[in-house]
K.L.:
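After the structure tokens below, expect a handful of questions from me.
Keep in mind it's a predicted model, so treat the numbers as computed, not measured.
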Number of protein chains: 2
Amino acid sequence: MNVASGRRGTYKPGRIRDRNLESIIYAAEKEFVKNGFRGTTIQTIADRAGLPKSNVHYYFGSKEKLYLAVLNDIMTIWNEQLGLIDDNDDPAVALDRFIQEKIRLSFAYPDASKLFAMEIISGAPYLRPFLQVELRKFASSRAKIIQKWIDKGLMRNVDPMQLIFLIWSSTQHYADFDVQVLSLMKKQKYSDHMIRDISRGVRDMILTGCGLSLPS
Amino acid sequence: MNVASGRRGTYKPGRIRDRNLESIIYAAEKEFVKNGFRGTTIQTIADRAGLPKSNVHYYFGSKEKLYLAVLNDIMTIWNEQLGLIDDNDDPAVALDRFIQEKIRLSFAYPDASKLFAMEIISGAPYLRPFLQVELRKFASSRAKIIQKWIDKGLMRNVDPMQLIFLIWSSTQHYADFDVQVLSLMKKQKYSDHMIRDISRGVRDMILTGCGLSLPS
DNA sequence: GTCTATATCCGGATAGAC
DNA sequence: GTCTATCCGGATATAGAC
């Protein structure tokens with residue numbers, strides 16, 4: 001016993017802790033997507049993470065704090081792509097880059113996209129401040145850029161906010177509704193080939209809808 | 001007491017029952033959207049419906065049966081609009097009608113749309129059979145019609161399934177993510193004017209994306 | 001047909017052993 | 001730092017009074 005407790009000292013402090021934190025967050029994300037905040041039990045999260053239930057309380061204090069930690073993780077991923085449009089760019093190039101990046105994130109982190117969607121659909125009880133501050137700032141600055149392109153006659157006269165919503169909805173759809181999409185396509189999972197097809201299709205449809213085409 | 005129980009006989013049999021069934025389903029839909037299936041308690045449903053808890057059990061037997069009844073109600077609404085494309089129509093006219101009807105339903109029954117979305121996002125534990133049978137049949141028949149239009153050179157060469165997904169996602173977005181959309185537009189609720197704008201915008205964007213325009 | 005009372009179980013959270 | 005044992009509130013469901 002002395003030996004065992006002594007060995008703990010030989011581990012880099014924080015190693016186990018970091019590993020546990022990460023596996024709990026990962027497990028929590030999956031469970032919250034499946035059952036929602038209230039419907040998820042700490043026991044199933046702990047089971048999925050391979051830890052005893054009280055470890056989760058030890059690391060995160062409460063279910064609500066854990067949920068917020070998961071959302072925070074997701075918002076971090078999200079924020080990585082917030083700086084992607086520049087109004088000096090050609091609109092077709094800039095929109096293409098934005099759409100491709102959004103699709104890449106959707107396929108790379110489908111559970112993040114799903115949990116965000118569920119939170120908004122169920123009334124955004126935890127993300128309302130984020131919507132009203134960061135997201136509003138982001139959306140209105142991008143809308144202004146799009147409006148400038150329209151004013152310069154570089155693209156069709158569309159409502160900029162509607163264009164943003166269209167990009168968001170059409171790209172997220174493949175992550176959030178993957179069960180439906182895959183079922184209708186009679187596939188088990190997305191292949192690289194499908195992802196490329198989808199990527200191209202969404203991009204072409206939206207650019208064409210804006211009266212744009214990529215410079216070749 | 002005899003008088004009271006006697007009066008019951010003067011009510012049309014089924015009247016109270018029908019009213020109660022309806023208000024329970026209505027209340028359940030709202031609660032399931034807010035908290036998911038597991039996170040919803042029968043007590044809150046009963047409170048919202050203005051009935052004692054055991055009445056819910058009396059009418060529906062179990063929480064799961066109630067959930068299925070709600071989903072069934074939603075699928076009925078959904079099926080009302082399943083027959084809306086005809087391949088003899090002009091594609092612009094037919095797609096316009098389909099999009100308008102989808103948007104109308106989204107704004108008329110936002111909770112139905114939301115609950116459907118949550119069910120799919122969380123893995124479609126109850127609607128998987130529906131996806132694999134009815135919805136697959138519907139989608140592939142519509143895809144065939146779109147493909148015929150393309151073959152006849154009536155519209156741009158797009159992936160028909162992708163077009164269907166684009167219509168679904170862009171129209172549902174305004175119902176499912178209403179909290180986000182309204183927050184970004186700094187509005188409390190959708191006005192008739194906004195709905196018309198959105199309707200036109202989505203329609204124009206998708207038709208233009210398909211290389212179509214409505215006959216004037 | 002309707003509601004009150006209750007049985008049974010399970011969840012989140014904590015205290016305290018190790 | 002980690003896990004076992006436990007408290008307590010609240011959930012579904014039912015039995016039975018009215």
K.L.:
Quick one: ring pair (Phe, Tyr, Trp, His ring centres under 6.0 Å) pairs with a partner in residues 38-65 of chain A, sequence neighbours left out?
P.N.:
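Qualifying pairs: none.
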K.L.:
Would you mind classifying the nucleic acid contact of Tyr59(A) as base, sugar-phosphate or nothing, using non-hydrogen atoms under 4.0 angstrom?
P.N.:
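Sugar-phosphate: the residue Tyr59(A), judged by heavy atoms under 4.0 Å, touches backbone atoms but no base.
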K.L.:
Each nucleotide in nucleotides 8-15 of chain C should get exactly one letter: B, S or -. Can you fill that in based on protein heavy atoms under 4.0 Å?
P.N.:
---SBBB-
K.L.:
Output a table of donor-acceptor pairs, distance under 3.5 Å, between side-chain atoms of residues 121-133 of chain A and any protein atom two or more places apart or on a different chain; print 'none' if there are none.
P.N.:
{"from": "Ser122(A)", "atom 1": "OG", "to": "Met118(A)", "atom 2": "O", "distance (Å)": "2.7"}
{"from": "Ser122(A)", "atom 1": "OG", "to": "Glu119(A)", "atom 2": "O", "distance (Å)": "3.4"}
{"from": "Arg128(A)", "atom 1": "NH2", "to": "Gly123(A)", "atom 2": "O", "distance (Å)": "3.0"}

K.L.:
Sequence neighbours left out, what passes salt bridge (Lys or Arg N to Asp or Glu O under 4.0 Å) with Asp96(A)? Give chain and number order.
P.N.:
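Salt bridge (Lys or Arg N to Asp or Glu O under 4.0 Å) list for Asp96(A), sorted by chain: Arg203(A).
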K.L.:
Separation of Asp47(B) atom CG from dC3(C) atom C1', in whole Å?
P.N.:
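Going from CG in Asp47(B) over to C1' in dC3(C) covers 14 Å.
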K.L.:
Could you verify whether a donor N or O on one side chain and an acceptor N or O on the other, from Gln172(A) and Ser169(B), lie under 3.5 Å apart?
P.N.:
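No.
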K.L.:
Distance-only check: which donor-acceptor pairs under 3.5 Å involve side-chain atoms of residues 22-29 of chain B, not counting sequence neighbours?
P.N.:
{"from": "Ser23(B)", "atom 1": "OG", "to": "Arg19(B)", "atom 2": "O", "distance (Å)": "3.2"}
{"from": "Ser23(B)", "atom 1": "OG", "to": "Asn20(B)", "atom 2": "O", "distance (Å)": "3.1"}

K.L.:
Between dT12(D) atom P and Tyr67(B) atom OH, what is the distance in whole Å?
P.N.:
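Distance check: Tyr67(B) OH to dT12(D) P gives 15 Å.
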K.L.:
Check the distance between dT4(C)'s P and Asn55(B)'s CG and give it to me in whole angstrom.
P.N.:
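After rounding, the reported distance stands at 10 Å.
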K.L.:
Under 3.5 Å, which donor-acceptor pairs do the side chains of residues 179-194 of chain A form with other protein atoms, sequence neighbours left out?
P.N.:
{"from": "Tyr190(A)", "atom 1": "OH", "to": "Tyr174(A)", "atom 2": "O", "distance (Å)": "2.6"}
{"from": "Ser191(A)", "atom 1": "OG", "to": "Met194(A)", "atom 2": "N", "distance (Å)": "3.1"}

